[in-house]
Amino acid sequence: MKIASWNVNSIRQRLDHVKTWIGVHQPDLLFLQELKAEEFPFSEFPDLTCIVKGQKTYNGVAILARHPVTLILNALPGDDDDAQARYLEVEYQGIHYINIYLPNGNPVGTEKYTYKLAWMDRLAARLKLLREGGIPFLVGGDFNIIPEDKDCFDPLVWQNDALFLPESRGKFRQLLNLGLTDAFRVFNQDAHQYTFWDYQAGAWQRDLGIRIDHFLLSPTLADKLIRCTIDRAPRGLEKASDHTPIIVEIA
DNA sequence: ATGGTTGGAAGCCAA
């Protein structure tokens, strides 16, 4: 199984990039975040099963599948008043595949930050339930978390940011402490392995990025991990998203 | 300390 995740920052603006990338890489599942649209262009993907949670203007997630996956959840449990489209959970051959667009949380000190932390607690509760039920799962997407100092070009720049504060990173470690594996770090311990580069100040050209898109695997899936890589190529295209795809392969 | 960029919406917010 080849699963990829890509924050596309508007599906309308990135439609050609996405279609081309699928044609080259042929993923079994593609997780998309930040569709920024209520409607999804289903007719552009006639060969794929598209599971979509759209939202006008903001957020929006989709799972594009080459297989007949079953929708389990299209919202993260734990807050009935939360209307933001950030969570999709599907099942295929007994494994749950979870696509997340975790809240950014900036500016710190606002309700946006408390929403992020509460969202992470709700995610931990959901994953704990799956672990206790013995259900193997993969959770991937835009976590908006820089796990370690080496996952950004300069820790001093990020030290007061919602993506990097000890409280945020601590909640990310709580997810790992459920027994999950950060798939990318199994194979690559290098610094400067980024998935996002800001549009501003020539961040891409200067390679001033951050690693915030991740795949976490429950133990039985981690045992079958083949590889996990970041494909930097799409970030260099004209009219690129500010994120680039991360790909994981599982036997 | 400020400004730098992109997208979607509406005549600014979110990232």
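We name chains A, B, ... by the order of the sequence lines, and we start the count at 1 in each one. Values reported hereafter were calculated over all heavy atoms of this structure, with side chains retained and with hydrogens, waters and symmetry mates removed.
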What's the closest nucleotide to the side chain of [X] if the choices are [options]?
{"X": "A:Thr57", "options": "B:dA9, B:dG7, B:dA15", "result": "B:dA9"}
{"X": "A:Arg12", "options": "B:dG8, B:dA14, B:dA15", "result": "B:dG8"}
{"X": "A:Lys56", "options": "B:dA15, B:dA10, B:dG7", "result": "B:dA10"}

Using whole Å, report how far [atom1] of [X] lies from [atom2] of [N].
{"X": "A:Glu238", "N": "B:dT5", "atom1": "CD", "atom2": "P", "value": "15 Å"}
{"X": "A:Tyr199", "N": "B:dT5", "atom1": "OH", "atom2": "C1'", "value": "8 Å"}
{"X": "A:Asp242", "N": "B:dG8", "atom1": "CG", "atom2": "P", "value": "12 Å"}
{"X": "A:Glu38", "N": "B:dA9", "atom1": "CD", "atom2": "C1'", "value": "13 Å"}
{"X": "A:His243", "N": "B:dG7", "atom1": "NE2", "atom2": "C1'", "value": "13 Å"}
{"X": "A:Leu35", "N": "B:dG8", "atom1": "CG", "atom2": "P", "value": "11 Å"}
{"X": "A:Gln200", "N": "B:dA15", "atom1": "CD", "atom2": "P", "value": "14 Å"}
{"X": "A:Trp204", "N": "B:dT5", "atom1": "CH2", "atom2": "C1'", "value": "16 Å"}

Item to check | Along DNA chain B (nearest heavy atom to each residue), the more 5'-positioned of A:Gly202 and A:Ala37 | outcome: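 Closest to the 5' end, via its nearest nucleotide, is A:Gly202.
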Item to check | Residue closer to the 5' end of DNA chain B, A:Phe196 versus A:Ala240 (nearest nucleotide) | outcome: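 Its nucleotide being nearer the 5' end, the pick is A:Ala240.
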Item to check | B:dT6 OP1/OP2 closer than 4.0 Å to side-chain N/O of A:Lys239 | outcome: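 Checking B:dT6 against A:Lys239, no side-chain N or O comes under 4.0 Å of OP1 or OP2.
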Checklist entry - Do A:Lys36 and A:Gln55 have a side chain donor and acceptor closer than 3.5 Å? => result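 No donor-acceptor contact under 3.5 Å links the two side chains.
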Checklist entry - Judged by modelled atom types alone, do A:His96 and A:Glu89 share a side-chain donor-acceptor pair under 3.5 Å? => result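 A:His96 vs A:Glu89: donor-acceptor pair found between side chains.
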Rounded to whole angstrom, note down the [atom1] distance from [N] over to [M].
{"N": "B:dG11", "M": "B:dG7", "atom1": "C1'", "answer": "16 Å"}
{"N": "B:dA10", "M": "B:dT6", "atom1": "P", "answer": "22 Å"}
{"N": "B:dA9", "M": "B:dC13", "atom1": "P", "answer": "16 Å"}
{"N": "B:dA15", "M": "B:dG3", "atom1": "C1'", "answer": "16 Å"}

Item to check | Whether A:His67 and A:Tyr92 hold their rings parallel, tilted or perpendicular, with breakpoints at 30° and 60° | outcome: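 Parallel: the ring planes of A:His67 and A:Tyr92 meet at under 30°.
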Next on the checklist: On a heavy-atom basis, which atom in A:Tyr87 and which in A:Val61 lie closest, and how many Å separate them?
Outcome noted: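 That closest heavy-atom pairing would be N-CG2, 3.7 Å.
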Checklist entry - What about the rings of A:Phe40 and A:Phe45, do their centers lie closer together than 6.0 Å? => result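 A:Phe40 vs A:Phe45: aromatic centres under 6.0 Å.
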